[in-house]
Amino acid sequence: MNECKLCNREVPDSLFLSELEVCYSCASEMNAKVEVMMDKLPELQNKANETANPDEKIKYLKQMLDMLYEYKILYYDNGVEIFTQDVEDLINEVIDCISEARV
């Protein structure tokens with residue numbers, strides 16, 4: 001039996017994704033969430049870059065930050081890394097952009 005890093009349930013080999021050490025149920029949910037994030041993050045970044053309005057820019061950057069924190073809490077902090085770039089670096093970059101937008 002294998003223990004899923006995300007739900008902590010013990011599952012047989014046939015229901016376990018050994019590369020990530022998660023059960024198929026959690027892997028399926030994670031895949032859907034990460035796919036949405038991968039689509040939305042660049043879209044939000046583009047919107048933030050295109051606007052000259054600081055409040056609008058901060059709104060888009062905050063949405064990005066919310067998504068990155070969700071990923072960090074749900075997956076990264078549990079030892080499951082899907083993003084190729086370090087999520088903590090991404091979070092810090094977005095925070096820096098928010099600070100710059102306020103100036």
Side-chain angles (χ1 to χ4, degrees):
M1 295 293 270
N2 304 287
E3 185 175 334
C4 176
K5 285 184 173 181
L6 299 177
C7 67
N8 299 317
R9 287 183 287 179
E10 295 218 352
V11 294
D13 289 343
S14 61
L15 300 174
F16 192 72
L17 190 59
S18 58
E19 302 88 52
L20 297 174
E21 297 181 45
V22 298
C23 68
Y24 282 156
S25 177
C26 288
S28 177
E29 181 181 335
M30 176 181 59
N31 185 48
K33 284 186 179 193
V34 169
E35 232 177 86
V36 168
M37 287 180 190
M38 297 301 277
D39 286 341
K40 290 299 281 181
L41 286 170
E43 179 183 318
L44 292 168
Q45 180 69 55
N46 288 337
K47 287 181 179 182
N49 290 341
E50 290 171 357
T51 186
N53 181 328
D55 292 332
E56 285 289 309
K57 185 179 291 270
I58 290 169
K59 178 182 83 171
Y60 295 127
L61 292 169
K62 182 168 178 339
Q63 289 174 8
M64 290 177 65
L65 194 58
D66 290 345
M67 292 177 99
L68 292 170
Y69 272 125
E70 179 182 8
Y71 170 84
K72 182 181 182 313
I73 291 166
L74 292 175
Y75 307 116
Y76 183 83
D77 288 349
N78 287 308
V80 180
E81 296 184 45
I82 303 299
F83 287 177
T84 55
Q85 192 173 355
D86 185 87
V87 72
E88 291 177 342
D89 289 343
L90 291 171
I91 288 170
N92 288 332
E93 287 175 24
V94 174
I95 290 170
D96 290 344
C97 289
I98 290 171
S99 296
E100 290 173 13
R102 292 183 182 196
V103 174

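Atom set for the values below is all heavy atoms of this structure, side chains included, hydrogens, waters and symmetry mates excluded. In this text, all values refer to a predicted model and were calculated from it rather than measured experimentally.
Under the rule for a ring-ring contact (aromatic ring centres under 6.0 Å, His included), the partners of Phe83 that lie at least two apart in sequence or sit in another chain are Tyr71.
In this structure, Leu65 CG and Leu41 CG are separated by 10.5 Å, a value rounded to the nearest 0.5 Å. In this structure, Asn49 CG and Cys97 SG are separated by 7.5 Å, a value rounded to the nearest 0.5 Å. Rounded to the nearest 0.5 Å, atoms CG (Leu68) and CG (Leu61) are 10.5 Å apart. In this structure, CG on Asp77 lies 12.0 Å from NZ on Lys5, to the nearest 0.5 angstrom. In this structure, CD in Gln45 is found 9.0 Å from CD in Glu93, a value given to the nearest 0.5 Å. In this structure, NZ on Lys59 lies 9.5 Å from CG on Leu44, to the nearest 0.5 angstrom.
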In a table with atom names and distances, give each donor-acceptor pair under 3.5 Å that connects a side chain of residues 13-38 to protein atoms at least two apart or in another chain.
from: Asp13; atom 1: OD1; to: Asn2; atom 2: ND2; distance (Å): 2.5

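Residues Glu50 and Lys47 are not paired through a salt bridge, judged by the lack of any N-O separation under 4.0 Å between the basic side chain and the carboxylate.
Between Glu88 and Asn92, the side chains place no donor N or O within less than 3.5 Å of an acceptor N or O (distance only, hydrogens not considered). When only modelled atom types and interatomic distance are considered, Asn46 and Tyr60 share no side-chain donor-acceptor pair under 3.5 Å.
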Practice item. Please assess Leu74 against Leu6 for the test side-chain contact (heavy atoms from CB on, under 4.5 Å), listing each intermediate value before the final yes or no. Key: CA-CA 8 Å; Leu74 292 175; Leu6 299 177; over 6 Å; no
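A side chain to side chain contact (heavy atoms under 4.5 Å, CB included) with Val94 is found for exactly one of Met64, Met67, Lys62, namely Met64.
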